[in-house]
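The next block holds one structure in the form of structure tokens; read it before the comments.
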Amino acid sequence: MESRFSTTASPLIKLSLLVASVLCLGISCDRGEQAEEKPIARVEEESITLDDLNQETDYNYFSLGEAAEHWIDEQVLLQHAEQSGIVDYRSISADLREQERQLIARMLLDSLLSKHIQIDQEHLREYYANNIQDFRLANDAALVTHIGFRRYDEANSTVEVLKNFATNRDSVLNHYNYDHHLVHRGRIVPALGEEIFKAEVNRFYGPIQTEFGYHVFMVERFLRAGETTPFILVRRQIYEKLFQMKLPLARTAILDSLREALDVEVYND
């Protein structure tokens, strides 16, 4: 089957197709707001729309074109798996029901733990101040905005858009599942690290190829070894540490309370 997002298409053509699709949906192509959205890809009886793809890209680093290709690959495999007869659906259904029960139990416990364990900004800052030595950098570091891609053409078109719309950078970035974090010299893929630590700040670079795909990045600021990592960059790290410290006692207290509300017996042999 030939995909509309074939890798032979130029970045400009693919970008134009996506923009045209978005505009068409926004004005309903003069067919009224109630018109049903048309699929942009199909495998046998299964199809996917642009809205579906937008939701997919909210949870991963794929662009729209990559998400479409990923969906097509998955559907092709599922279709052939069903026809091959190698899948024991009864066994899978039983496993899924058990996993569903375990997931529901974990969801309830996580919900109760998040309410039981209270950690405010004052606690976070207090821990930061009392353990400041733990946040001194052993190596040079850089605060980086990073987007990963599987294909060169998608990465290349993205970096060109980001360069051309520098004044509206945040709005453009919102269309991608990007990372914004501190990277340390010597703790990152060498090919990417080399480019990051010789880059100029507030300028997008790429695509940089590694064994993990293609990368587009911008350095917001550099920090030297011996400097203290700013609180804002380690706030979540401190929260997770304090949460894990409180977790065992909180879990025990919650489960004891829940047991008391039900008729529970333990039979000894």
Side-chain angles (χ1 to χ4, degrees), residues 7 11 57-63 65-67 69-70 119 121 123-166 169-248:
T7 55
T57 56
D58 285 342
Y59 302 104
N60 55 51
Y61 62 84
F62 296 149
S63 67
E66 290 173 324
E69 292 288 349
H70 179 76
I119 303 172
Q121 288 293 315
H123 288 119
L124 298 177
R125 289 190 175 278
E126 182 180 357
Y127 183 92
Y128 180 76
N130 292 337
N131 298 273
I132 197 70
Q133 69 281 357
D134 295 340
F135 303 106
R136 298 197 189 282
L137 294 167
N139 305 94
D140 293 346
L143 182 58
V144 174
T145 296
H146 167 263
I147 316 172
F149 297 88
R150 292 192 300 172
R151 293 185 173 83
Y152 173 84
D153 53 356
E154 297 284 354
N156 189 53
S157 62
T158 297
V159 75
E160 291 301 320
V161 169
L162 288 166
K163 288 178 179 179
N164 291 332
F165 292 91
R169 182 177 294 158
D170 291 341
S171 297
V172 177
L173 282 173
N174 286 335
H175 291 283
Y176 302 92
N177 194 351
Y178 66 91
D179 297 317
H180 184 246
H181 55 221
L182 200 65
V183 298
H184 301 264
R185 188 189 292 273
R187 301 186 193 175
I188 190 172
V189 179
L192 183 57
E194 181 180 348
E195 296 297 327
I196 286 176
F197 286 97
K198 69 180 184 182
E200 299 178 12
V201 297
N202 294 321
R203 175 184 171 188
F204 273 97
Y205 291 84
I208 308 299
Q209 183 178 11
T210 73
E211 60 266 40
F212 301 104
Y214 298 92
H215 310 264
V216 172
F217 73 88
M218 179 194 72
V219 177
E220 184 175 311
R221 62 178 292 192
F222 289 105
L223 296 95
R224 296 190 177 278
E227 288 188 51
T228 302
T229 307
F231 171 73
I232 191 67
L233 300 180
V234 292
R235 183 174 54 186
R236 175 160 289 280
Q237 175 187 336
I238 296 172
Y239 178 89
E240 293 297 334
K241 186 177 185 66
L242 293 179
F243 189 91
Q244 292 300 320
M245 291 169 60
K246 295 175 178 287
L247 182 58

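Counting from 1, the numbers follow the sequence of the chain as shown. Owing to the predicted nature of the structure, the values given are computational and were not obtained by experimental measurement. The figures that follow rest on heavy atoms only: side chains count, while hydrogens, waters and symmetry mates do not.
- Counting all heavy atoms, side chain and backbone alike, Gly65 lies closest to Glu154 at CA-OE2, 3.6 Å.
- Contact annotation: the side chain of Arg125 approaches that of Phe231 to within less than 4.5 Å [non-hydrogen atoms, C-beta and beyond].
- Atoms CZ and CG, on Arg169 and Asn174 in that order, are 13.0 Å from each other to the nearest 0.5 Å.
- The number of heavy-atom neighbours closer than 6.0 Å to NZ of Lys163, taken from other residues, nucleotides and ligands shown, is above 12.
- Summarising the geometry of Arg136 relative to Thr228, their closest heavy-atom pair is NH1-OG1, 2.8 Å, with the distance given to 0.1 Å.
- Separating the OH atom in Tyr127 from the CG atom in Leu242 is a distance of 6.5 Å, to the nearest 0.5 Å.
- At least one donor-acceptor pair closer than 3.5 Å links the side chain of Tyr205 to the backbone N or O of Glu200.
- The CG atom of Leu137 sits 12.0 Å away from the CZ atom of Arg224 when rounded to the nearest 0.5 Å.
- Checked options Glu211, His215, Glu194; the residue passing with Val189 is Glu211 (criterion: side-chain contact (heavy atoms from CB on, under 4.5 Å)).
- In this structure, the side chains of Phe222 and Asp140 stay at 4.5 Å or more apart for every pair of heavy atoms.
- Between Phe217 and Leu192 the shortest side-chain heavy-atom distance falls below 4.5 Å.
- Judged by distance alone, the side chain of Thr229 and the main-chain N or O of Phe135 form a donor-acceptor pair under 3.5 Å.
- Of the listed residues (Ile147, Asn156, Asp153), just one forms a side-chain contact (heavy atoms from CB on, under 4.5 Å) with Pro207, and that residue is Asn156.
- Annotation: His180, atom NE2; neighbour count of heavy atoms from other residues, nucleotides and ligands within 6.0 Å is above 12.
- Formation of a donor-acceptor pair under 3.5 Å by the Glu195 side chain with backbone atoms of Ile208 is not found in this model.
- Side chain of Asn139 to backbone of Ala225: no donor-acceptor contact under 3.5 angstrom is found.
- Across all non-hydrogen atoms, the minimal contact from Ile196 to Ala142 is CG2-CB, 4.0 Å.
- Remark: side-chain polar atoms of Glu66 are paired, donor with acceptor, to backbone N or O of Arg151 under 3.5 angstrom.
- With values rounded to the nearest 0.5 angstrom, Tyr176 atom OH is found 13.5 Å from His146 atom NE2.
- Here the CD atom belonging to Gln237 is positioned 9.0 Å from the CG atom belonging to Asp134, to the nearest 0.5 angstrom.
- When the shell of 6.0 Å around CZ of Phe165 is examined, it contains 12 or fewer heavy atoms from other residues, nucleotides or ligands.
- Considering only heavy atoms from C-beta on, Leu173 comes within 4.5 Å of Phe204 through its side chain.
- Side-chain contact between Leu182 and Leu223 is present, with heavy atoms from C-beta onward closer than 4.5 Å.
- Arg235 is not listed as a side-chain neighbour of Tyr128, based on a closest heavy-atom distance of 4.5 Å or more.
- With rounding to the nearest 0.5 angstrom, the NZ atom of Lys246 is 6.0 Å from the NE2 atom of His123.
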